[in-house]
There are 2 protein chains.
Amino acid sequence: MKDVAAHARVSLGTVSNVLNRPELVSERTRKRVLASIAELGFVRNESARQLRGGGSRTLAYVVLDATNPFFTDVARGVQEAADAAGLALFLCNSGEDRERQAAYLDLLEQQRVEGVLITPVDAADPRIGALAARGTPVVVVDRAAGPGHCSVTVDDLLGGDLAVTHLLDSGHRRIAFVGGPRTIGQVRDRITGAERAVARAGTGELTVLETARLDVAQGRRAGERIAGLPAARRPTAAFCANDLLALGLLQQMVRLGLRVPEDLAIVGYDDIEFAEAAAVPLTSVAQPRHRLGRTAAELLLAEARSPDGHEHQQVVFAPELVVRASTGLGPLRSSTVA
Amino acid sequence: MKDVAAHARVSLGTVSNVLNRPELVSERTRKRVLASIAELGFVRNESARQLRGGGSRTLAYVVLDATNPFFTDVARGVQEAADAAGLALFLCNSGEDRERQAAYLDLLEQQRVEGVLITPVDAADPRIGALAARGTPVVVVDRAAGPGHCSVTVDDLLGGDLAVTHLLDSGHRRIAFVGGPRTIGQVRDRITGAERAVARAGTGELTVLETARLDVAQGRRAGERIAGLPAARRPTAAFCANDLLALGLLQQMVRLGLRVPEDLAIVGYDDIEFAEAAAVPLTSVAQPRHRLGRTAAELLLAEARSPDGHEHQQVVFAPELVVRASTGLGPLRSSTVA
DNA sequence: CTCACGTTTTGAAACGTTTCACCAACGACG
DNA sequence: CGTCGTTGGTGAAACGTTTCAAAACGTGAG
């Protein structure tokens, strides 16, 4: 900047004014300074600027798995809100790695970002509370958070309930839940929601097929197990804890010559793009991913703007069931006695 | 830091030493200082550190579409290399938006990141060259770049050639290429590669079904068009410019009661996770995404380490064909006269 | 001609680190 | 008992901005 000042024959202060409050500078000198900037290829040093007092104009979203479309969709919502507020968004991928997440949090705090959105590896990580306590606004996304910060989640109980209610309404009575491990809170909640639906209906039976992970391969394995059962005991419908499982399950059914939905109806969860693209489009529980991200970012911005009088909020969104061919289109068969 | 120094009754310099060269400080004082740091919740100000001379220890990957699994896989490779080098990686999503990309590039340059990886909205964007010219190492990912910087790409001609050669080898003679628009360089290359394969074989015929985009819906539409042709003129195989098209095409075939691969063999491109998860697992041209990212990051790091004696390299990877059920498993029928 | 006033421009302080030359203390050594 | 080397610690300069009080400059009124 010194060079620019010298080149344009003005003082440092004037260059700064051209950059930050151009209305204070006369047309003539402003042009001259801008020309010098262009000629010298000057690029403002953000560190110095920030050191002197400017904020960082930057948000970060520490995402659990950048490979998972769920999070990238959430990120789109975040991006939108950040754009609207004139802030840049950095995506940080923890990749489910506690250590990397910690490294990112440290770095972001040191960089004094305006705020951090995070889907934490471990919802109870004390670092997150500590970060918030030291003054960086934090919003937890898609995980329940203590009262120490804002959070934005989707109601998994309701999701499980919706899915199974739909299956019960379609006449199914032997229903399998496919998903796991139960150590994942969301899996637990979806099971609980499913059980709630069965209990409320007063009919039907839910069997849990626990899987080791939530991926396509595990869905295929579950498919083998289901197909291996004698028809009389075999469930007529499966509710999968996510769409990857559901796709794997669907694939295995096709491979084994069973028909979907006639032999097995399938409900997935997340409504990823490929749920609709499947050979038999998947019924799935859709989460308002975009709104989730947007709302999370808005909460964050609100907190960043008024750090004091800020009430932490726990926003819970309701999921929606998207019915497609994998559960048939009307009742599958007239319901047996209720 | 001043507060920490006062609290621990040492000088500023000592606190800095504890942080940066702990071996210079006696055990006793080091402990005392660390205790003060913990007690006061001190967090180093990265801006000041960087201003004084430390590098930013940060890379950024400006990605074209964070929603696209291709890029997130590339990002994983980048992440790996960055981790190995002890650098943090920020993901920036331009979302195909020229303006946002420009904003990110400005910001990153102002933040003096160690280097920028980018899959640009427009391969010929002069800003990228300008950035490199001003001294920020830049590597272009998945797009050809001029001699001004390094780039890492995959050979799309070869990819198209592989796909169509495979179909020809399987006995197909009427082959459709599904994809578009042709304004996309990669689409053009894949077509050219496909044509090359046909020309080399000296038999077979390639029809281009141009699509408006590379998504599932367009794949479905292409499916309708193909299914609508009289069987005698209908292609027996389709090579899709990406897996989304292929999935849409597959779905439409299933919906219309045509069988894959018996009535139509399908080859996709990209080998996304869901290619294998499809009801009929998709044959697809796999790009070494992970290695792409890793290599790109390594080139970047090499350039960052020795800005002077750096030869810009254009690395081209070869794609590989992954054969699955969507093209059958052996020759479909004995080949007619060559 | 002087003054007051509004507009531009200037100069220096401040931001929070790192670094480096230098100082103090201390034991060892001749 | 002076000298030297070592070890641990200090203080100030420097990094590149922004900001703000004050200086400089016109300009029109009195």
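The analysis underlying the following values was restricted to heavy atoms, covering all of them including side chains, and did not include hydrogens, waters or symmetry mates. Letters A, B, ... mirror the listed sequences (proteins, then strands); counts begin at 1.
- Taking the nucleotide of DNA chain D with the nearest heavy atom to each of E23(B) and G13(B), the more 5' of the two is matched to E23(B).
- In this structure, Q50(B) atom CD and dT19(C) atom P are separated by 13 Å, rounded to whole Å.
- Distance CG (N17(B)) to C1' (dT18(C)): 9 Å, rounded to an integer number of Å.
- Side-chain N/O atoms of S56(A) and Q50(A) include no donor and acceptor closer than 3.5 Å.
- When the side-chain nitrogen and oxygen atoms of N20(B) are compared with OP1 and OP2 of dT18(C), one or more of them lie within a distance under 4.0 Å.
- We find that NZ of K2(B) is positioned 14 Å from C1' of dA12(D), with the value rounded to whole Å.
- The shortest distance between the side-chain N/O atoms of T14(B) and the OP1/OP2 oxygens of dT10(D) is below 4.0 Å.
- No side-chain donor from either of T136(A) and E109(A) sits under 3.5 Å from a side-chain acceptor of the other.
- Regarding R44(B), its CZ atom lies at a distance of 20 Å from the P atom of dC15(C), rounded to whole Å.
- Rounded to an integer number of Å, the gap from D3(A) CG to dG16(D) P is 9 Å.
- What separates CD of E46(A) from P of dG16(D) is a distance of 15 Å, to the nearest Å.
- Heavy-atom nearest nucleotides on DNA chain C were determined for R32(A) and for L12(A), and the one closer to the 5' end corresponds to R32(A).
- Between S26(A) and dT7(C) there is no side-chain N or O to OP1 or OP2 distance below 4.0 Å.
- Ion pairing of D270(A) with R289(A) is absent here, as no side-chain N (NZ or NE/NH1/NH2) approaches a carboxylate O to less than 4.0 Å.
- Defined by atom type and a distance below 3.5 Å, a donor-acceptor pair is missing between the side-chain atoms of E303(A) and H149(A).
- For L24(A) and dA22(D), the CG to P distance is 18 Å, given to the nearest whole Å.
- Not one side-chain nitrogen or oxygen of R52(B) sits closer than 4.0 Å to the OP1 or OP2 atom of dA13(D).
- Between D125(A) and R98(A), no side-chain nitrogen of the basic residue sits less than 4.0 Å from a carboxylate oxygen of the acidic one, so the salt-bridge criterion is not met.
- Nearest-nucleotide mapping onto DNA chain D: of L51(B) and E27(B), the residue sitting toward the 5' end is E27(B).
- An OP1 or OP2 oxygen of dT19(C) is reached within less than 4.0 angstrom by a side-chain nitrogen or oxygen of R21(B).
- Within the structure, every side-chain polar atom (N or O) of T29(B) is placed at least 4.0 Å from both OP1 and OP2 of dG8(D).
- Atom CE in M1(A) sits about 14 Å away from atom P in dG11(C), given to the nearest Å.
- Listed nucleotides dG16(D), dT10(D), dT18(D) differ in distance to N45(A); the shortest reach to its side chain belongs to dG16(D).
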